[in-house]
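Heads up: the structure comes next, in C-alpha cells.
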Amino acid sequence: MNRVPAELRYTQTHEWVRVEDDGTVVIGITDHAQAQLGELVFADLPDVGVKVNASDEVCVIESVKAASDVYSPLSGKILEVNEDLEESPSLVNSDPYGDGWLYKMDPADPDELSELLDADDYSHYMEEDED
Amino acid sequence: MPKKTVLHPIHLAHNAVMLDFAGWEMPLHYGSQIEEHHHVRQNAGIFDVSHMGIIDIQGRDAKAALQYLLTNNVEKLTEPGQALYTCLLNTAGGVLDDLMVYYIAPEVYRLVVNAATTEKDLAWITQNSANFSIEIVPKRHLAMMAVQGPEARQKVGRAFPVLNEPIQALRPFHFFQHGEYFIARTGYTGEDGLEVIVPNEEANPFWSLCEQEGVFPCGLGARDTLRLEAGFNLYGQDMDESVTPLESNLAWTVAFEPSNRLFIGRDACEKAKAEGFLPKLIGLILLQKGVCRRHQAVLVDGVKVGEVTSGSFSPTLKQAIALARVSEVSAEYSVDIRGKSHPAKVTPLPFVRGAKK
C-alpha cells in the first residue's frame, strides 16, 4: 500500500506539498506516482528564480519506461531545486516524501493551498483512480 | 482476454508487474528492472519468452522452401545443430519479421518468430510455399526460456548435471537436443547464454531449478534495455513492413550470393543496395543528461533528417542511447527532446559488448 503522510497536501496529478515554518513550500511526487512510473533515471528540474503558475508543467521526470510531466501545485517563484537528483534520481523512488523532493518555492497566493487535497481526500481519489 | 504462458503462476508468485505484450500477459519486471538488467550483464538472469512463436518446417522441400522464403541462405547451415538469424520479407522487400532458423535434421528446420507476428508469418509461409512439399507445424505445446549472462551456462549446467557437458561444449549459434529439451547457445541480450525450449509441463521445474542456482528472474523491461545496449532491433519498432533489411542495419542477413537464389524481396533489396543503403539505422549516444524516446526527431543543423526508433536509458553506460533511422549521413546529430535540441554522438553498434565468450 502506498504511503500518504497526513501532514501534506496533494494534487490529483499526484504531487505533494509541504509547508515549511517560514511559509515556503517543498514539492515532490507521491509514493503512488513513483510506484506507477517505475525506476527514475533522470529529472529535468525547473530553473531557480523562475515564476510559475499553478498547473504549469514545471519538470519532466523520466523513468526507464517513459517520460512524465510534473505540474506545479501552486503559483510562485522557484527558490531551490534538489541537486542530489542529478546524480541519484532514484531518491524519488526510495524516499518520495523526504530526500526525493523536487523543488522549493515561495508561494504567491496562500489561498491556492486550501484548494489542494488533504491526505484523506487524496487517498480516496487514488482508490477511485485505480478502479 | 490476454493469453498466458505456462509460467504465468510463477510470475504472479514473484509479484511481477505484468503488462500486455502482443496479446500476452507478460512480466515487465519483478521489482527492479535496472537490477535485473545488471544481473544479466554481471551474472545470470532467466526470461520467460514462451510468447514467441515456434514453427517447424519439415518435408522433402523444407530447405528449398526456406531458401525461397528467407533472406539469409539456410545453405549456410551445413550440419544439424546450427542456427541462423534471418529476415522474412514481403515482395516489396519490407520486413515481415526477423527470426531464428535451427537446423534440426535433414528435412526438419525450426523457426522461432516474434509473438506479435506468429499468425501473420504462418499465413505468409503457408501462402507462399504451395509449390513446395513441406509441412508447417506450429508447436503450441512448447515453452521457451532464455537464460542469459556470463554465468548462465555454468549455472544451468549445475542445475542439470546431465546437460552440463554438452552445454559447456556448445558453440555460439549451435544447439543440441536432449530428450524433449532443446538447448541453443543464442540470445537477445548481447551476453553469453542459452535459449531453452521444453514441453509446457517441464517449464516450471526448469525455471525453479535455475532459480535455485541463483539465476535471477528478469522481465521484458530488462530484456528491452539489454537488447538495445546490444544493438539488436526490436521488430515493430526499429523495423517493420515499410523498410528493407538494408535500411535496418541488417544487410548482413541478406545473402545476395549465390546470385541465382531467388528469394522473396530480392529485387527490392538489390534496388536498395544500389541506391546506397539510405535511409539507414544508426546508434546514437546522448551527450547530455536526458533520455531519448521513440519518435523524437533527429536533426542535422536544426533540420529533421530522421527519428528515434528505440530510445532508453542504458543502465550499463548510465547515458541515454538510441537507434535512429536517418536519411542523411553526418558526424553529428542532435535529438529534439520536448523542443530542446540535445547533441548526440554516432556510435558503432553494439553500445555495450558482452563479457568475453
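Throughout, a chain's letter reflects where its sequence line sits, starting with A, and its residues are numbered from 1. Keep in mind that this is a model prediction, so the values were computed, not measured.
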field: Considering all heavy atoms, the nearest B/Glu36-B/Ala222 contact
entry: CB-CB, 3.9 Å
- request: Against chain B, label A/Ala43 side chain, backbone, both or neither, depending on which of its atoms sit under 4.5 Å from a heavy atom there.
  value: neither
- prompt: Would you say the ring centroid of A/His32 lies under 6.0 angstrom from that of A/Trp16?
  reply: no
message: How long is the straight-line distance from CD of B/Glu229 back to CZ of B/Phe313, given to the nearest 0.5 Å?
response: 9.5 Å
Selection from B/Pro315, B/Ser312, B/Gly290, B/Gly221 maximising heavy-atom pairs under 4.5 Å formed with chain A: B/Gly290
- prompt: Non-hydrogen atoms of chain A under 4.5 Å away: do they reach the side chain of B/Arg338, the backbone, both or neither?
  reply: side chain
- request: Please look at B/Thr225 and chain A and tell me whether the side chain, the backbone, both or neither of the residue comes under 4.5 angstrom of a heavy atom of that chain.
  value: neither
field: Matching residue for A/Tyr122 among A/His14, A/Arg9, A/Gln12 - test: side chain to side chain contact (heavy atoms under 4.5 Å, CB included)
entry: A/His14
